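Inspection log for the structure reproduced underneath, given as structure tokens.
Chain identifiers are assigned alphabetically (A, B, ...) following the order of the sequence lines, protein sequences preceding nucleic acid strands; residue numbering begins at 1 within each chain. Computed from a predicted model, the values in this text were never measured in an experiment.
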2 protein chains.
Amino acid sequence: MPARGDHDARRRDVSQAVWEVLAANGFGGLTLRAVAARMGASTGLLTHYFPSKKALVRHALEVAQEHTQGRDRLPAEGEGLPGLRAALLDVMPLTPESAAMNRVWVSFWDAALSDDELAATELRRYERWRDMLRPHVDAALRLGQLPADADPDDLVATAAGFGHGLVVQALFDPARFPPERQIRLVDDFIALLARRPHPTG
Amino acid sequence: MPARGDHDARRRDVSQAVWEVLAANGFGGLTLRAVAARMGASTGLLTHYFPSKKALVRHALEVAQEHTQGRDRLPAEGEGLPGLRAALLDVMPLTPESAAMNRVWVSFWDAALSDDELAATELRRYERWRDMLRPHVDAALRLGQLPADADPDDLVATAAGFGHGLVVQALFDPARFPPERQIRLVDDFIALLARRPHPTG
DNA sequence: TTTCGCGTACCAAACGTTTGTTATGTATCT
DNA sequence: AGATACATAACAAACGTTTGGTACGCGAAA
């Protein structure tokens with residue numbers, strides 16, 4: 001029984017267990033008893049650190065958010081489009097860990113669709129992700145890697161949509177979307193963006 | 001009390017109520033009592049027509065599938081890319097009804113992620129959607145609207161991913177993704193595909 | 001024509017289980 | 001001694017499912 005007396009660390013332990021249950025069972029299978037069992041503890045421990053399930057979930061999502069942002073990222077091998085490529089590959093379920101993380105977020109959408117507070121959280125999460133793509137799009141525009149008349153906001157939304165859409169397909173059909181193909185699809189998408197506009201009619 | 005004695009019609013009524021509850025509360029909020037209340041009936045009615053909740057959900061999804069395939073579609077204003085455009089716009093949440101339908105399917109992902117049978121259903125559903133996009137991609141290739149060396153399977157997967165990714169963004173952020181912008185984004189995406197390959201380095 | 005028997009359709013209620021939450025007890029630290 | 005950190009147990013509510021019963025429709029028997 002580690003970290004006895006370390007309040008914050010214990011809360012993080014609990015959040016980690018919440019995350020693991022979510023990855024295994026989705027939001028529909030997230031119960032206090034399942035979390036407690038995963039920790040080898042009792043529900044009393046959970047209520048000792050969190051006043052309610054909602055507070056628990058809220059904190060777990062915050063921790064997950066930090067974890068998502070803090071984890072290792074593919075180094076951008078260049079400015080502009082190469083950076084965009086790296087940012088997209090960064091969210092793809094290329095590893096089991098990343099797949100588990102994506103499963104949680106996709107599962108989260110169900111909960112968010114019928115809970116205003118969670119919906120707001122999801123909205124902010126999406127904004128944050130687009131904000132991560134945006135610098136690369138801006139740089140690509142500046143470097144002339146994209147048509148000068150393109151709308152950066154629209155490009156970011158398109159890239160974000162493409163990425164998440166690919167994530168969902170890969171989650172449900174890993175056989176048809178192995179890592180190599182995911183990478184290839186991202187590369188082809190980047191190449192698509194890089195093409196020069198159709199010269200004439 | 002209509003349709004007494006009409007077994008199949010009654011089952012369809014039940015499925016419709018299931019669908020409405022799903023649209024309102026998501027899979028997490030789908031309970032027999034909620035379905036019964038929506039119908040103004042008792043849970044006994046539900047179990048009379050379906051042996052279990054799982055069977056009920058299964059049938060509701062089948063009905064929904066037929067409904068999805070049978071509804072009005074935007075006419076393809078041309079072969080190839082215009083057809084692809086129409087097919088993509090067809091799934092976008094441009095109307096409240098379409099938004100409700102998309103909410104159900106996105107919500108469904110959570111349930112499918114932790115249930116093998118539902119996961120298989122979702123896999124088939126995705127295949128079906130890609131199959132709807134494929135003829136248009138093939139036609140576009142045939143008509144020279146796309147680079148001849150492009151892989152049709154990859155193009156279809158890319159378009160499907162883009163479409164669903166856009167759906168999710170629009171569902172959670174309708175203010176930032178009003179119908180006009182959704183249409184514009186689809187148009188720009190089609191235009192992206194239509195561009196000629198970059199002539200030289 | 002009436003009446004009986006029986007299957008279908010459905011409601012109301014209750015079943016056992018699981019849920020989130022709360023109360024109580026008991027070590028362990030300060 | 002008193003606060004902290006839990007486990008244990010109980011709680012009401014909600015869940016899917018089961019049960020007992022009522023009302024109805026209809027072919028066969030009287």
Side-chain angles (χ1 to χ4, degrees), chain A residues 1-22 24-61 107-108 110-112 114-118, chain B residues 1-22 24-61 107-108 110-112 114-118:
Chain A
M1 192 183 298
R4 184 161 192 125
D6 191 340
H7 198 86
D8 286 353
R10 209 70 167 136
R11 276 171 68 98
R12 231 169 306 132
D13 290 347
V14 174
S15 293
Q16 173 63 24
V18 170
W19 191 254
E20 288 169 12
V21 170
L22 282 176
N25 307 334
F27 255 84
L30 178 66
T31 69
L32 297 189
R33 284 165 175 82
V35 174
R38 168 78 58 162
M39 293 182 68
S42 70
T43 64
L45 183 147
L46 303 181
T47 63
H48 180 66
Y49 288 99
F50 298 96
S52 70
K53 179 182 179 179
K54 197 155 191 168
L56 200 171
V57 171
R58 184 160 36 218
H59 186 254
L61 290 176
S107 156
F108 178 58
D110 177 29
S114 47
D115 180 313
D116 286 345
E117 183 188 331
L118 295 183
Chain B
M1 194 183 297
R4 181 161 195 128
D6 191 339
H7 198 86
D8 287 353
R10 210 69 170 138
R11 278 171 64 98
R12 231 168 305 132
D13 290 346
V14 175
S15 295
Q16 174 63 25
V18 170
W19 191 254
E20 288 169 12
V21 171
L22 282 176
N25 307 334
F27 256 85
L30 178 66
T31 68
L32 296 190
R33 282 168 232 273
V35 174
R38 170 78 59 160
M39 293 182 70
S42 70
T43 64
L45 182 146
L46 303 180
T47 63
H48 179 68
Y49 288 99
F50 299 95
S52 68
K53 180 181 180 179
K54 196 156 191 168
L56 199 172
V57 171
R58 185 159 38 218
H59 187 254
L61 290 176
S107 154
F108 177 58
D110 177 29
S114 45
D115 181 314
D116 287 344
E117 183 186 331
L118 296 183

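- Looking at B:F108 and B:L22, their side chains never come closer than 4.5 Å, going by heavy atoms from C-beta outward.
- Remark: of the listed residues A:V57, A:N25, A:L56, A:V57 is the sole one forming a side chain to side chain contact (heavy atoms under 4.5 Å, CB included) with A:L30.
- Between the C1' atom of D:dC15 and the CZ atom of B:F27 lies a distance of 17 Å, rounded to the nearest Å.
- Atom CG of B:L46 and atom P of D:dT18 are 14 Å apart (whole Å).
- Residues A:D13 and A:R10 are paired through a salt bridge, judged by an N-O separation under 4.0 Å between the basic side chain and the carboxylate.
- Between A:H48 and D:dC6, a side-chain N or O to OP1/OP2 separation shorter than 4.0 Å is absent.
- Regarding A:L30, its CG atom lies at a distance of 7 Å from the P atom of C:dG20, rounded to whole Å.
- Near DNA chain C, defined here as any heavy-atom distance below 4.0 Å, there are no residues from residues 32-39 of chain B.
- Contact between the side-chain N/O atoms of A:Y49 and the OP1/OP2 oxygens of D:dC6 is found at a separation under 4.0 Å.
- Each of B:T43 and A:T43 was assigned the nucleotide of DNA chain D with the nearest heavy atom; the assignment lying further toward the 5' end belongs to A:T43.
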Trace of the side chain to side chain contact (heavy atoms under 4.5 Å, CB included) decision for B:H59 with B:V14 | CA-CA 9 Å; B:H59 187 254; B:V14 175; over 6 Å; no

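- Between B:F50 atom CZ and C:dA9 atom C1' the separation is 14 Å, expressed in whole Å.
- Neither OP1 nor OP2 of C:dT8 sits under 4.0 Å from any side-chain N or O of B:R10.
- Put simply, CG on A:D8 is 15 Å from C1' on D:dA5, counting in whole angstrom units.
- Applying the salt bridge (Lys or Arg N to Asp or Glu O under 4.0 Å) test to residues at least two apart or on different chains, the pairs with a partner in residues 28-48 of chain B are B:E20-B:R38.
- Summarising the geometry, the separation between CG on A:L45 and P on C:dA27 is reported as 18 Å, rounded to the nearest angstrom.
- Between A:T31 and C:dT19 there is a side-chain N or O to OP1 or OP2 distance below 4.0 Å.
- Here the side chain of A:S52 is nearest to one of D:dA7, C:dA12, C:dT21, namely C:dT21.
- Taking CG of B:L32 as the reference point, atom CZ of B:F50 lies at 11.0 Å (rounded to 0.5 Å).
- The 5' end of DNA chain D is approached more closely, in terms of each residue's nearest nucleotide, by A:T47 than by the other of B:K53 and A:T47.
- Within the structure, no pair that satisfies the salt bridge (Lys or Arg N to Asp or Glu O under 4.0 Å) test touches residues 39-53 of chain B, not counting sequence neighbours.
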